[in-house]
Structure formats: structure tokens, C-alpha cells
Amino acid sequence: MTQSRRSEKVIVIGAGIIGVCAANALADEGFAVEVVDPLDPGSPGQCSYGNAGGLSPGSCIPNAMPGIAAQVPGMLLDPEGPIGLRLLDLPHALPWLLRFLANSRLSRVKRISDGMIALNRLTLACYEPLVKEAGCEDLILHRGQLFAYENPKGPEGSALSIAMRRERGVRVEILDARQMRELEPAISPAYRAGVFLPEQGQCPNPGRLVSAIARLASGKGAVFTRQSARALVLERGRVAGVATEAGVIPADKVVIAAGAFSAPFARQVGVRVPLISERGYHIMLPNADTGLKVNVNAAERKFVAAPMEGGLRLSGTVEFARPEAAPNWRRADILLSQARHMFPGADLGGMERWMGNRPGTPDSIPVIEVTPRHDNVILAFGHGHQGLMGGSVTGRLVAELAAGRPTSIDISHFRSSRF
């Protein structure tokens, strides 16, 4: 229910899942809200559109785990591996990669895990009132999440991840080959063990979710302006608005939620975040009627198979390249061979390919804070692979920060000063 109208105007830079969730929460607080983005919410040009759809309140495992330093060279050298890096982009990516590897120390991993679970454990609780209000409750499914292993002893090799989840209250079930077949008969018998997280959820159409939440915000008075934000406007040491190609839009407060394109805006207000585009690819297979019910993570091959409204989606590859670089569609085509392996006999015709820019920080968690030097600027970016998951909670936190209220969770994990 929208509160009494405030006199303050808030501009949100970015109309992806973080931006539209923030717009709703800000409107509910009574702020006048304007969202600035050159793309329509939920359209294919947005990173949110291509998400694998996982909504996991138990997600707490960082991308950089102990031992990854020994694995990365092999991943990079494998032409069909989960990580790609263009040599021309090595100078751009190397400082970030070194920070990433430094975060794989066990002591650091456990602190990062605490931050991840703090943000993600509320994802379903925060989405459910939003989707009910938006009339799209069918976009939140409670079916669990499966990690599938080809090695029957694979879960033993994931003992640290399993222990970290259980220590943080996540329900975990270890499955043998028979139990795997009972849960998901769609996948190949080559997968012989599993780790099942029964309390996790999924979204069968992330683009439609973003679009529906944006329409909900619009109904509450939020204005969506299809322009490119070029810079923050500072007057007498304070942010007074946002400059676009059409002119300056005045504002009392600004939220920077522009995903992989957020760092230049943050630098304007004295915050330097090591943000990189972890370019993600997916393929959609509209004819692959596999009967798959839950999101399946192929543990060894590092991809996700997700049942979607438009067919079967496979995603998970990472490419370190500048956002403006042309797509390397071979990264997407790798996923087709993975689909053949997991779903032998499925109709894989009609493949559609997609690429988007994930906003990655070296420690797998976002930056969420009021900037230290400007109390009218809020940062809300860097969610990496978990933007859809973190959107509903981040939106609530942004509104609480804008209103000057205590936040629902401890946000000390997400301060930019950690860098």
C-alpha cells in the first residue's frame, strides 16, 4: 500500500530487475520515482532477461572457492570450458581476476557466504507480495534445485559447499542414481549422483517478471524514461540530477542500479568498485520437450538447464570481455553440445542464442549502500550471477535507505569500503 506522498523525487538509473524492484519499493514509501534506461524493462537487451531463473533463498556459495586457483588455467585453456577470456581483454580483466582468486581463501569464503545468505534468504518472502500485487504469481515456482554429478562420488567432493549450506540452515539432500531418476527422469543416466535443495524456487520467465514488476511500479506513479543516463549532475558538492542525451533530469536522490554499467556513475561520487562484465550466454531450445521440472546444475560441466515458458534454457558460460565487444557466439554454441549430453534424444532444433553483461564483483556479492560522500546517492549493483535472486530484497533495502530507516538486514557485508 503506497504511503502518503513525499516531496522528494528519486531517479533510479537502470530498469533491470534491481531497478524495477527498487522503483516499486520507493513508490510504496511515497517517493516520486523516475526510472531512466534506454531499454524496456524485461526486454532481451537486459541482463535480467537472460537469467537462468533460480530464486534460491539458500544460495550462499561464492564463485571463488578454495582450490579454484588451480582450476582456472585449465578452464581457460579448454575451448569448451565454462570460462572464456579474449587475449586482447587480458589487461582489462587481470586485476579483477587476481582479486577474485584472493577471495578464495577459506576465511574469506565463509564471510562472503554469510553476506550471500543474508541477502538471498529473503528472496521468496520479498517476491511473493510483489508478484501477487502484479498478478503474476505463476512466475514463482517452489520446486527445488538439483546439482547433478556424473561422478557417483561427486557430492563427496562438494563436502565444503554442502557443509557451508547446512551451517547456514539450508536443507540439503544427497541423492544416489536411483533417487536422481525418480526426481528428474528427463536427464541422462550419465548423471549418477545429486545434491537436491528442496526449499529453493525458480522463475520460468525472468523477462516477463521484470516487465510485470515494472508495470506494477508504473501503476503506482513511477515514470519510465527511455533515455541513456550519461552522468550525474553535481551542484555545490551534492548530486542534483542525472544528465541524459535529452537534458538534465533533476532529483533529490539517485539510485545507481545500472548493472555492469554502474561503475562510472559510482566513480563520480568517489566510490571505486572493481566491477567487470562477466558476459553470460544462453541458448533457448523451444522444441526440447524434455519434461524437466527443476533447475538442474551440471556440477562438473558448470552449466544450468532450466525449464522455461518458451522451452528449455541452458546457461552458465562466462566470458571476460568488454561490454561493447561483439558477442562470441561460439560460447553459446558450446551449450548445445552440453544439451545433447544431458538430454539425449531431445529435439534440439530451433535454437535461439542470447548474450548479456553480468555485473560481477570479485567476491560474488553486490554493493548496497548510501555513498560515504553523498548522502543522497544509493548504490545497488554488482549482483553478478544472482541479480534476479537479489532483486526483491535489494529493492526493499534501497527504499529503507532512501527513507532513512534501519535496513531489514545487516548491510555491512555490501559496503564499497571492503575493496
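- Of the possible donor and acceptor atoms, none in the side chain of R415 sits under 3.5 Å from a partner among the backbone N and O of I411.
- No donor-acceptor pair under 3.5 Å is formed between the side chain of Q227 and the backbone N or O of E245.
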- L139 and E309: side chain to side chain contact (heavy atoms under 4.5 Å, CB included), yes or no, with the steps? CA-CA 10 Å; L139 288 175; E309 288 180 344; 3.8 Å; yes
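- The line from OG of S392 to CD1 of I140 is 8.0 Å long, rounded to the nearest 0.5 Å.
- Contact annotation: the side chain of V398 never approaches that of V12 to less than 4.5 Å [non-hydrogen atoms, C-beta and beyond].
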- Under the salt bridge (charged side-chain N to carboxylate O under 4.0 Å, His left out) rule, what do R99 and D363 come out as? Steps first, then yes or no, please. CA-CA 8 Å; R99 286 176 178 260; D363 59 2; over 6 Å; no
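- In this structure, the separation between CD on E400 and CG on L26 is 10.5 Å, given to the nearest 0.5 Å.
- For the residue pair F419 and P362, the shortest heavy atom distance occurs at CE2-CD, 3.8 Å.
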- Task: Would you sort out whether R405 and E29 count as a side chain to side chain contact (heavy atoms under 4.5 Å, CB included), showing the intermediate values?
- Result: CA-CA 11 Å; R405 294 207 318 272; E29 284 286 346; 2.3 Å; yes
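- Using a 4.0 Å cut-off between charged nitrogen and carboxylate oxygen, R358 and E278 do not count as a salt-bridge pair.
- Considering every non-hydrogen atom in both F265 and A229, the closest pair reads CZ-O, 3.3 Å.
- Y281 and W329 have perpendicular rings, their planes meeting at more than 60° on a 0 to 90° scale where under 30° would count as parallel.
- Considering CD1 of I368 and CZ of F381, their distance stands at 10.5 Å, rounded to 0.5 Å.
- At least one side-chain heavy atom of L119 sits less than 4.5 Å from a side-chain heavy atom of P366.
- The closest side-chain heavy-atom distance from V35 to V20 is not below 4.5 Å.
- Note that CG of L106 is 10.0 Å distant from CZ of R111, once rounded to the nearest 0.5 Å.
- Heavy-atom neighbours of K110 NZ from other residues, nucleotides or ligands within 6.0 Å: at or below the threshold of 12.
- Looking only at side-chain heavy atoms (C-beta outward), T371 and R373 stay at 4.5 Å or farther from each other.
- The closest donor-acceptor contact from the side chain of R108 to the backbone of A102 lies at 3.5 Å or more, if one exists at all.
- Between the side chains of R165 and S161, no donor-acceptor pair of N or O atoms lies under 3.5 Å.
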- Is there a side chain to side chain contact (heavy atoms under 4.5 Å, CB included) between V294 and Q200 once you walk through the steps? CA-CA 10 Å; V294 305; Q200 312 313 300; over 6 Å; no
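- Of all non-hydrogen atoms in R279 and P327, the two that sit nearest each other are NH2-CA, 3.6 Å.
- Between F343 and L292, some side-chain heavy-atom pair lies under the 4.5 Å cut-off.
- Between K302 and P82 the shortest heavy-atom distance is CB-CB, 3.6 Å.
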- Task: Verify salt bridge (charged side-chain N to carboxylate O under 4.0 Å, His left out) between K220 and E133, making sure each step is shown before the conclusion.
- Result: CA-CA 11 Å; K220 297 173 181 178; E133 197 177 359; 3.4 Å; yes
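- If you take CD1 on I283 and CG on L348, they are separated by 7.5 Å, rounding to the nearest 0.5 Å.
- N120 contributes a side-chain N or O that, together with a main-chain N or O of S59, makes up a donor-acceptor pair within less than 3.5 Å.
- Between P57 and T123, the shortest heavy-atom distance links the atoms N-CG2, 3.7 Å.
- In terms of heavy atoms, I378 sits closest to A402 at CD1-N, 3.6 Å.
- A salt bridge is absent between D375 and K253; no separation between the charged side-chain nitrogens and carboxylate oxygens falls under 4.0 Å.
- Side-chain contact between I17 and I213 is present, with heavy atoms from C-beta onward closer than 4.5 Å.
- A distance-only check finds a donor-acceptor pair linking the side chain of S364 to the backbone of N63 [under 3.5 Å].
- Ring geometry for H282 against W354 counts as parallel: the plane angle stays under 30°, on a 0 to 90° scale with 60° as the upper cut.
- Rounding to the nearest 0.5 Å gives a distance of 8.0 Å between OG1 of T361 and CD1 of I112.
- Taking the six-membered ring for Trp and the full ring otherwise, the centers of F414 and H383 sit at least 6.0 Å from each other.
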- Task: Any chance you could lay out the side chain to side chain contact (heavy atoms under 4.5 Å, CB included) test for M342 and F303, step after step, and finish with the verdict?
- Result: CA-CA 11 Å; M342 181 173 274; F303 70 90; 3.9 Å; yes
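- Counting heavy atoms from C-beta outward, F320 and W96 have side chains that approach closer than 4.5 Å.
- The main-chain N or O of L232 is found under 3.5 Å from a side-chain atom of Q268 such that the two form a donor-acceptor pair.
- In terms of modelled atom types and a separation under 3.5 Å, the side chain of N151 and the main chain of K153 share a donor-acceptor contact.
- At distances below 3.5 Å, not a single donor-acceptor pair connects side-chain atoms of N295 with backbone N or O atoms of Q202.
- Here the side chain of S262 pairs no donor or acceptor atom with the backbone of A257 at under 3.5 angstrom.
- For R313 (side chain) and N51 (main-chain N/O), a donor-acceptor pair under 3.5 Å exists by modelled atom type.
- Between H341 and R301, some side-chain heavy-atom pair lies under the 4.5 Å cut-off.
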